[in-house]
Amino acid sequence: MPELPRVAILVGRKGRGTNMARLLTACASGYVPAEGRLVVAPVSGNPAAIRARALGARVEVLDPRSSGYSARLLDLFREERIDWVCLAGFMSLFPSEIVGEYEGRILNIHPALLPRFGGKGMYGIRVHEAVLAAGVTETGCTVHFVTNEYDEGEAILTRSCPVLAGDTPDSLADRVLELEHEAYPEALRMVVLGL
Ligand code: GAR
């Protein structure tokens, strides 16, 4: 049997890890023909890290603000022979050295229809606040390739939903998160299969 491609997932400091969990279970079920090898979290005890351990993943703690971060991350990727990298709630700019080495193999999910409502400082609930403030009638999520700029890479897949009268940032976030949970495994499946 040929070896399955190997996936690392990077979560954020305040990450809940719901997208990460969807990706790991999609790999485990075979929907995504890949192996969820590694979860990298900035802190040991956040909900994402706890959830990842409960799902049996190898969890490594590496703080993007620490010195030598990108070299240590790259060492981990080499040790685990990682083929694909998924950012799931990772809010920092991804190190350019690794973008260079993994070009076209790093994915991110953003809770809006890019290119609108993206860029530096635009993450989590702030995105949904901006969507409501802009008065648009449609929002959604975008899975895209990662480049050296925030939220700039080519889109792989988008999913959209209406913005409803009476929506709050939280109600919008919940509706979009449901889309994210379908879109991210589907996008990973597409790129792994070369579709
Ligand atoms: C998700 O909504 C994701 O789209 C967002 O962080 C959340 C993480 O949730 N990412 C960004 O805003 C990136 N700019 P999760 O920890 O439950 O997966």
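First listed ligand is number 1; within each ligand, the first listed atom is number 1. We use all heavy atoms of the structure for the numbers below, so side chains are in, but hydrogens, waters and symmetry mates are not.
Listed by first and then second residue, the ring-ring contact (aromatic ring centres under 6.0 Å, His included) pairs involving residues 53-77 are Phe77-Tyr102 (not counting sequence neighbours). Contacts classified as side chain to side chain donor-acceptor pair (under 3.5 Å) and involving residues 89-98 (residues at least two apart or in different chains) are given here: Ser70-Glu97.
A single hydrophobic cluster is not seen to contain both Leu164 and Val176; linkage of ILVMFWY side chains at heavy-atom distances under 4.5 Å, directly or through other members, places them apart.
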_Residue pair Glu186, Tyr31: steps toward the side chain to side chain contact (heavy atoms under 4.5 Å, CB included) verdict_ = CA-CA 8 Å; Glu186 189 176 340; Tyr31 173 70; 3.7 Å; yes
*asked:* Would Phe90 and Asn108 count as a side chain to side chain contact (heavy atoms under 4.5 Å, CB included) here? Give the steps.
replied: CA-CA 8 Å; Phe90 182 86; Asn108 183 36; 5.6 Å; no
*Evaluate the side chain to side chain contact (heavy atoms under 4.5 Å, CB included) criterion for residues Val11 and Arg51: first the C-alpha distance (whole Å), next the side-chain angles of each, then the deciding distance (0.1 Å), finally the verdict.*
CA-CA 11 Å; Val11 297; Arg51 209 186 276 253; over 6 Å; no
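Heavy-atom distances between Val127 and ligand 1 stay at or above 4.0 Å for every pair. At least one heavy atom of Met122 sits less than 4.0 Å from an atom of ligand 1.
The part of Glu180 lying near ligand 1 is the side chain, judged by heavy-atom distances below 4.0 Å.
Residue contacts with ligand 1: Gly17 is placed with a nitrogen or oxygen under 3.5 Å of a nitrogen or oxygen of the ligand (distance criterion only). At least one N or O atom of His110 sits closer than 3.5 Å to an N or O atom of ligand 1. Note: an N/O pair closer than 3.5 Å links Thr18 and ligand 1 by distance alone. Residue Gly124 has at least one N or O atom closer than 3.5 Å to an N or O atom of ligand 1. Between Asn19 and ligand 1, at least one N/O pair is under 3.5 Å apart.
Atom 8 (C) of ligand 1 has Gly89 CA, 3.7 Å as its closest protein atom, hydrogens excluded (heavy atom only). Of the protein's non-hydrogen atoms, Pro111 CD, 3.6 Å is the one closest to atom 11 (C) of ligand 1. For atom 6 (O) of ligand 1, the closest non-hydrogen atom on the protein side is Met91 CE, 3.5 Å. The protein heavy atom nearest to atom 10 (N) of ligand 1 is Ile109 O, 3.6 Å. In terms of protein heavy-atom proximity, atom 9 (O) of ligand 1 is closest to Arg16 NH2, 2.9 Å.
You'll find the side chain of Thr139 reaches within 4.5 Å of the side chain of Cys161, heavy atoms only.
With salt bridges taken as basic N to acidic carboxylate O contacts below 4.0 Å, none links Arg72 and Glu60.
Near Tyr123, the atoms of ligand 1 lying under 4.0 angstrom from a non-hydrogen atom of the residue are 12 (O), 14 (N).
To the nearest 0.5 Å, atom CZ of residue Arg105 and atom CD1 of residue Ile98 are 11.5 Å apart.
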